[in-house]
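Working notes, structure below.
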Amino acid sequence: MAKRTICYKGLDFEIAYDFCDNKAPKNLLILHGWGSSKELMQMAFKPYFKAFNHFYLDLPGFGKSPNDTFLTPLDYAKIIDAFCHSLQVQIDTAMGHSFGGKVALLCESLYLILLSSAGILMPKPFNTRLKIKFAKALKSVGLKKALSLLKSKDADNLNPAMYETFKYTVQQDFSPEFKACAKKTLILWGQEDTATPLHAGQQIASLVPINCFVALKGDHYFFLKQGAQVEGAYLQCLKEWGEVC
């Protein structure tokens, strides 16, 4: 593991990363989802995509990349772009899982792979809506301590800045960003995904101008044991697009 300090908006961000040198002419950026780390993505993809060198990053606030500043997905993308520029590396393909998909979408790259990407707002179930109303009621009467019991598990152990980042990103509709995407995109989804359901992936596919959509067996982490299938789907898409890997 290596670390590199990036200056963005006058602040320093220490980025932990791993580089897998496959002696290839192209580079693959691989971004994890919320609450995860680069190690998880390496487990899935390090044996594959040998036509690319791999860059695995811990996004600020996760893994070994600290953060105590509120950041939007665009901020994350700008930090990652600055990281790549500092290494004088051009990213051919950016791959992102869940929250990492939103960041990868906004990063500088020629191609994009989305793995059960976040970004489509889904109607909240009744019990979630009830929890939100209850939380607002507690806040109105000053019972802030009780609010911590109602937080999403994804918000556990977050510092105040990361909690504000979490609240912002889960409420942000990325439909305009998907529609404006100029990258040729492979969209992969788990058929049994309940965190970002299959119809969210289908909606993203209806928005991204040039894409291939593939549903594989599995849940939100369907890719963990299907790295070969993900690589195969991407190579097939490149062939259909008339591109050579």
Side-chain angles (χ1 to χ4, degrees), residues 1-19 27 29-42 54-91 94-109 112 114-121 132 135-136 139 144-145 147-178 180-181 195-196 220:
M1 185 197 77
K3 287 192 173 184
R4 195 167 186 87
T5 300
I6 301 302
C7 183
Y8 172 70
K9 291 186 175 179
L11 299 173
D12 286 339
F13 294 88
E14 189 177 56
I15 306 298
Y17 69 99
D18 285 311
F19 174 60
N27 297 303
L29 172 69
I30 304 176
L31 303 179
H32 61 78
W34 189 273
S36 188
S37 68
K38 55 184 169 47
E39 284 76 18
L40 184 78
M41 306 308 286
Q42 288 183 66
H54 301 188
F55 286 89
Y56 298 92
L57 274 65
D58 279 337
L59 294 170
F62 304 99
K64 296 178 176 63
S65 297
N67 177 56
D68 57 5
T69 302
F70 168 76
L71 297 171
T72 68
L74 181 58
D75 289 327
Y76 274 97
K78 293 295 185 182
I79 292 169
I80 300 308
D81 286 343
F83 167 85
C84 295
H85 294 164
S86 74
L87 293 175
Q88 297 184 319
V89 167
Q90 180 178 356
I91 299 300
M95 178 195 299
H97 171 233
S98 197
F99 171 70
K102 296 173 74 172
V103 178
L105 171 68
L106 301 176
C107 285
E108 296 175 3
S109 70
L112 179 65
L114 298 177
L115 307 171
S116 282
S117 179
I120 298 297
L121 296 184
I132 292 172
K136 289 181 178 178
K139 187 175 182 179
K144 293 184 179 180
K145 187 175 182 180
L147 286 173
S148 63
L149 301 175
L150 298 175
K151 285 184 179 179
S152 164
K153 289 183 179 180
D154 285 334
D156 286 350
N157 303 315
L158 296 179
N159 63 41
M162 288 301 296
Y163 181 53
E164 291 304 313
T165 295
F166 169 73
K167 289 196 299 181
Y168 178 88
T169 193
V170 297
Q171 296 170 7
Q172 185 183 22
D173 179 15
F174 246 52
S175 295
E177 284 78 7
F178 288 125
C181 178
T196 51
H220 195 53

| task | For the pair Phe62 and His32, name the ring-plane relationship: parallel under 30°, tilted 30 to 60°, perpendicular over 60°. | result |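 Taking His32 first and then Phe62, their aromatic rings stand perpendicular (interplane angle over 60°).
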| query | Going by the angle between their ring planes, with limits at 30° and 60°, are Tyr8 and Phe13 parallel, tilted or perpendicular? | reply |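 Tyr8 and Phe13: tilted rings.
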How close do [X] and [Y] get, heavy atom to heavy atom, and via which atoms?
X	Y	value
Ser65	Ala16	OG-N, 2.8 Å
Glu177	Asp173	OE1-O, 3.7 Å
Leu114	Gly101	CD2-O, 3.5 Å
Gln172	Leu121	O-CD2, 3.9 Å
Pro60	Leu71	CB-CD1, 4.0 Å
Pro73	Phe174	CB-CZ, 3.9 Å

What's the spacing between [X] [atom1] and [Y] [atom2] if we round to 0.5 Å?
X	Y	atom1	atom2	answer
Ser175	Ile120	OG	CD1	3.5 Å
Lys102	Leu74	NZ	CG	11.5 Å
Lys78	Ile6	NZ	CD1	14.5 Å
Leu57	Leu31	CG	CG	6.5 Å
Asn27	Phe19	CG	CZ	6.5 Å
Tyr163	Phe70	OH	CZ	13.0 Å

[X] side chain vs [Y] backbone, donor-acceptor pair below 3.5 Å:
X	Y	result
Thr169	Thr165	no
Arg4	Ser86	yes
Asp12	Thr5	no

| message | Is there a side-chain contact (heavy atoms from CB on, under 4.5 Å) between Leu115 and Ser98? Walk through the geometry before answering. | response | CA-CA 6 Å; Leu115 307 171; Ser98 197; over 6 Å; no
| request: Sequence neighbours left out, what passes side chain to side chain contact (heavy atoms under 4.5 Å, CB included) with Ala195? Give chain and number order. | output: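 Checked Ala195 against side chain to side chain contact (heavy atoms under 4.5 Å, CB included); matches are Asp193, His220.
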| request: Step by step, work out the side-chain contact (heavy atoms from CB on, under 4.5 Å) result for Tyr17 and Leu87. | output: CA-CA 12 Å; Tyr17 69 99; Leu87 293 175; 4.2 Å; yes
| salt bridge (charged side-chain N to carboxylate O under 4.0 Å, His left out) against Lys38, all qualifying residues, sequence neighbours excluded |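 Lys38 satisfies salt bridge (charged side-chain N to carboxylate O under 4.0 Å, His left out) with Asp18, Asp58 once adjacent residues are dropped.
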| query | Quick one: salt bridge (charged side-chain N to carboxylate O under 4.0 Å, His left out) partners of Asp75, sequence neighbours excluded? | reply |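 Here the qualifying residues are Lys9.
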| request: Could you walk me through whether Ile79 and Ile15 pass side-chain contact (heavy atoms from CB on, under 4.5 Å), step by step? | output: CA-CA 9 Å; Ile79 292 169; Ile15 306 298; 4.0 Å; yes
| request: Determine the sole option in Leu29, Leu106, Ile91 for which the side-chain contact (heavy atoms from CB on, under 4.5 Å) test with Ile80 is passed. | output: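 Among Leu29, Leu106, Ile91, the one that satisfies the side-chain contact (heavy atoms from CB on, under 4.5 Å) with Ile80 is Leu29.
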| query | What do the steps show when you test Tyr168 against Glu164 for side-chain contact (heavy atoms from CB on, under 4.5 Å), and what is the final call? | reply | CA-CA 6 Å; Tyr168 178 88; Glu164 291 304 313; over 6 Å; no
| query | Are Cys107 and Val103 side-chain neighbours, meaning at least one heavy-atom pair lies under 4.5 Å? | reply |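 When only atoms from C-beta onward are counted, Val103 and Cys107 do touch, with a gap below 4.5 Å.
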| said: How about CD on Gln90, more than 12 heavy atoms from neighbouring residues, nucleotides or ligands closer than 6.0 Å, or not? | reply: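 At most 12 heavy atoms, drawn from other residues, nucleotides or ligands, come within 6.0 Å of this atom.
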| request: Step through it carefully: locate the ring centre of Tyr56, locate the ring centre of His54, and say whether they are under 6.0 Å apart. | output: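 Yes, the ring centres sit under 6.0 Å apart.
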